[in-house]
Amino acid sequence: MAWHTAAVTSPRTLDPAEDSRLVEACLAGEPRAWEALVRRHERLVHAVARSYRLSDADIGDVFQEVFAALVAGLPRLRESRALVRWLSSTTQRIARATALRQRREQALSTGVDEISGLTAGDPPVGADLERLEEQAMIRLGLASLAPRCQRLLEALYYEDPLPSYSEIAHRLGLPMGSIGPTRARCIERLRLALEGLFAGRRITGTQEPTFESGTGPPQGIRLGAFGEKPSHPVQEDRI
Amino acid sequence: MKRPPVGRRHLDVRTILDYLEDRIESNARRDVEEHLAGSCSRCRELLHEVGRLSSAMRSDRTPPVPSAIRERALEVFGVRAQTRTAPGLAWQVARLVFDSLVDPIPQAARRAIGDARWLRFAIDSDVLELEVEHETDHSMTIRGCVLASDPALHRIEVASGDDSWIAMADAEGRFSLEQVSTGEASITVHGPARLWRLPPLQL
């Protein structure tokens, strides 16, 4: 039997107390609350662990170790933001230690001439924690929206390749002309649900931009920081 | 639908999304940029927020977690064990006291709830209210409220077909379950002082 966890409170807002309630239930020994808590945050832990390019078995070990540490640390972690931050940094610490241990073991079993070659060609590993935390919080916000908004935003922003508007319209039973306005309303709701998430976290390294007409998205700001165009081409269906 | 030119009015989220994704005509683009280049810090801030939000979503390609890995996290809590029930508590079947499908409902209330179905169950002075709204032919949203002492300690489980859904009530007893499969549903409520079982329902 598959269990689905649900938004605990009003589906229209991201309730900051939801994790707190799940933690309370976990502390009371409620296993399903634990499962709900794991499902809410598992992607973040998995994504940080994967960024260290560990084997599947090692990722599993890191994953388990992080959640075992969470069981012990539950009483101190009742707020979503703190929980997300703790999970990402703990996963980073454990995954990095695992990667370093692997590298040491590899070095010990390698000839002297080959040691320098172990690291020279390897691209850097590790996660952009801030980015992953932000994405994790957005997924929590998304889960608090009405189902139709969730499905629309998932199709428009998380699917790769991006489905055409006509396909989305067919899938969601929406008139094609309503996708644009509905998307805007859903984004606005998500933005409001996440209000406070970005508070005090202004984009770094940017100055007040200046705009020249017809030059496309403002060039004074790094696209990676905001306004990044989709990596896949936007479908041509107009609304 | 054609929207009026930006001019001096503030940008809305739709215009900003279209601007960021190159979905607007050059004239409209110029209007947007002129507006942003002016003294409107509010719209620049909105542009930053919306852009950052859509960028974060588009760059999020984290795959789903394999179930074998999830199992390892569940093991540390001993989730495989059966659901704990408080010692000494027995299941009680709640009594259906209202069903908008069969009971008369005032016109004004009907207008307020639309097509949703209202149900109310009771055991002694404890009450469980449900509002069932069909999203499609196959899925529905169940919102509800537990009116009992310590509402936040109540867990609501709905089993339908081969699946089950679970929600924890908030401090006011409210909860919500979305995308629940329609059909015959078995609903149970686990509270600190009482275990409820509702009569089988066709939802």
Side-chain angles (χ1 to χ4, degrees), chain A residues 1-11 15 17 21-22 25 29-36 38 42-43 46-47 59-60 63-64 67-68 71 131 134-135 138 147 153 157-158 160 177 180-181 183-184 187-188 190-191 198 203 210-211 213-214 217-218 225-231 234, chain B residues 1 12-14 17-23 26 29-30 33-34 36-37 44 47-62 64-65 68-70 72-79 81 83-84 135 141 152 155 162-170 174-179:
Chain A
M1 177 174 279
W3 282 94
H4 305 254
T5 55
V8 174
T9 59
S10 160
D15 182 357
R21 276 193 295 279
L22 287 174
E30 177 48 65
R32 292 219 167 95
W34 173 250
E35 180 163 0
V38 169
E42 62 185 9
R43 267 183 197 255
H46 192 239
I59 289 174
F63 195 82
Q64 188 170 43
F67 280 103
V71 172
R131 188 75 164 172
E134 185 175 289
Q135 288 169 340
I138 290 171
L153 296 184
Y157 292 95
Y158 288 94
D160 193 7
R183 174 190 61 159
I187 286 283
E188 179 64 4
L190 179 59
R191 196 178 70 82
F198 299 135
I203 300 156
T210 55
F211 303 102
S213 183
F226 96 103
E228 193 169 44
K229 286 188 181 180
S231 55
V234 173
Chain B
M1 185 167 57
D12 58 22
V13 170
R14 186 181 171 194
L17 285 168
D18 288 346
Y19 171 70
L20 290 171
E21 295 178 0
D22 273 340
R23 284 178 175 272
S26 56
R29 166 173 297 282
R30 194 172 53 243
E33 288 171 349
E34 278 173 9
L36 290 170
R44 278 198 295 276
L47 179 78
H48 277 271
E49 276 189 42
V50 172
R52 181 173 178 152
L53 187 55
S54 61
S55 166
M57 287 194 289
R58 282 226 163 87
S59 62
D60 184 353
R61 291 293 175 264
T62 54
V65 175
I69 288 185
R70 179 184 305 120
R72 298 192 59 180
L74 300 184
E75 280 168 16
V76 298
F77 199 79
V79 158
T83 305
R84 262 182 14 160
E135 300 288 345
T141 295
R155 187 182 78 239
D162 291 331
D163 285 339
S164 292
W165 287 258
I166 181 172
M168 305 287 295
D170 69 9
R174 291 176 298 131
F175 61 91
S176 172
L177 292 152
E178 292 169 353
Q179 293 181 282

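For clarity, every value in this text was computed on a predicted model and none was experimentally measured. We use all heavy atoms of the structure for the numbers below, so side chains are in, but hydrogens, waters and symmetry mates are not. By convention in this document, chain letters (A, B, ...) are assigned in the order of the sequence lines, proteins followed by strands, and residues within each chain are numbered from 1.
How far CG of B:Leu53 is from CD of A:Gln135: 11.0 Å, rounded to the nearest 0.5 Å. The line from OG of B:Ser59 to CD of A:Glu134 is 8.0 Å long, rounded to the nearest 0.5 Å. For the atom pair A:Asp160 CG and B:Arg58 CZ, the distance stands at 10.5 Å (nearest 0.5 Å).
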Under the side chain to side chain contact (heavy atoms under 4.5 Å, CB included) criterion, do B:Val76 and A:Trp34 qualify, and how do the steps go?
CA-CA 10 Å; B:Val76 298; A:Trp34 173 250; 3.7 Å; yes
Where do B:Asp18 and A:Arg183 land on the side chain to side chain contact (heavy atoms under 4.5 Å, CB included) test, with the steps shown first?
CA-CA 11 Å; B:Asp18 288 346; A:Arg183 174 190 61 159; 2.9 Å; yes
Evaluate the criterion side chain to side chain contact (heavy atoms under 4.5 Å, CB included) for residue pair A:Ile138 and B:Asp60; output intermediate values, then yes/no.
CA-CA 10 Å; A:Ile138 290 171; B:Asp60 184 353; over 6 Å; no
Criterion side chain to side chain contact (heavy atoms under 4.5 Å, CB included) on A:Val38 and B:Phe77, from CA distance to verdict
CA-CA 10 Å; A:Val38 169; B:Phe77 199 79; over 6 Å; no
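Contact of the A:Arg191 side chain with the B:Val50 side chain is registered, since non-hydrogen atoms from C-beta on lie closer than 4.5 Å.
Of all non-hydrogen atoms in B:Val13 and A:Glu188, the two that sit nearest each other are CG2-OE1, 2.9 Å. Across all non-hydrogen atoms, the minimal contact from A:His46 to B:Ile69 is NE2-CD1, 3.9 Å. Counting all heavy atoms, side chain and backbone alike, B:Arg14 lies closest to A:Gly180 at NE-C, 4.1 Å.
Ranked by non-hydrogen atom pairs under 4.5 Å with chain B, the options A:Ala68, A:Gly60, A:Ala47 are led by A:Gly60.
With sequence neighbours left out, B:Arg70 forms a salt bridge (charged side-chain N to carboxylate O under 4.0 Å, His left out) with A:Glu42. For A:Ala33, the side-chain contact (heavy atoms from CB on, under 4.5 Å) criterion is met by A:Leu22, A:Ala25, A:Cys26, A:Glu30, not counting sequence neighbours.
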